[in-house]
Amino acid sequence: MDWVPIVFVIFKLGVLCTGMFYAIKWHYDQGKKEKEKGKERRAVLRGAATVIVIFLILLVGLGVVTYDVAKMLGLELTFP
């Protein structure tokens with residue numbers, strides 16, 4: 001039983017070192033891609049803004065439709 005902690009520590013160190021190596025490599029490779037990301041980032045921001053605007057328009061439309069249906073059904077809509 002004396003060898004179990006030694007094996008587990010060696011295994012843990014091996015896994016952590018491998019993970020750190022690939023994490024550093026991935027970040028290094030992402031730094032190289034940063035030049036190409038400028039155009040891609042603008043396209044993503046434009047798409048996100050479009051989705052937000054469409055969501056807000058649909059939200060306001062849903063509010064208006066809900067208000068109209070509530071009025072049509074004769075529900076009390078005044079605040080106290």
Side-chain angles (χ1 to χ4, degrees):
M1 291 305 291
D2 292 335
W3 58 271
V4 172
I6 296 171
V7 171
F8 284 156
V9 168
I10 291 172
F11 177 74
K12 186 175 183 176
L13 287 175
V15 169
L16 288 175
C17 289
T18 304
M20 285 190 298
F21 171 77
Y22 283 114
I24 291 169
K25 182 180 182 308
W26 182 81
H27 281 90
Y28 180 75
D29 292 342
Q30 292 300 314
K32 287 183 177 180
K33 291 183 184 179
E34 194 66 36
K35 295 176 185 175
E36 300 169 3
K37 276 188 141 180
K39 295 177 185 176
E40 188 176 319
R41 185 174 293 165
R42 274 183 264 153
V44 169
L45 286 174
R46 186 178 303 120
T50 304
V51 168
I52 290 171
V53 168
I54 290 172
F55 175 75
L56 290 175
I57 290 171
L58 290 173
L59 186 65
V60 169
L62 179 64
V64 169
V65 169
T66 303
Y67 181 79
D68 288 341
V69 169
K71 280 293 244 189
M72 185 176 63
L73 293 174
L75 298 175
E76 179 79 30
L77 297 175
T78 58
F79 287 112

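Between atom CD1 of residue Ile57 and atom CG of residue Leu62 there is a gap of 14.0 Å, rounded to the nearest 0.5 Å. Residue Thr66 holds its OG1 atom at 11.0 Å from CG of Leu75, rounded to the nearest 0.5 Å. Between the CG atom in Leu59 and the CD1 atom in Ile52 there is a gap of 13.0 Å [rounded to 0.5 Å]. Between Arg41 atom CZ and Arg46 atom CZ the span is 14.0 Å, to the nearest 0.5 Å. Separating the CZ atom in Phe21 from the CH2 atom in Trp26 is a distance of 15.0 Å, to the nearest 0.5 Å. To the nearest 0.5 angstrom, Leu45 atom CG is 10.5 Å from Thr50 atom OG1.
Taking hydrophobic clusters as Ile, Leu, Val, Met, Phe, Trp and Tyr residues chained together by side-chain heavy-atom distances below 4.5 Å, Val4 shares a cluster with Val7. Both Leu73 and Val65 are part of a single hydrophobic cluster, where members link through side-chain heavy atoms under 4.5 Å apart.
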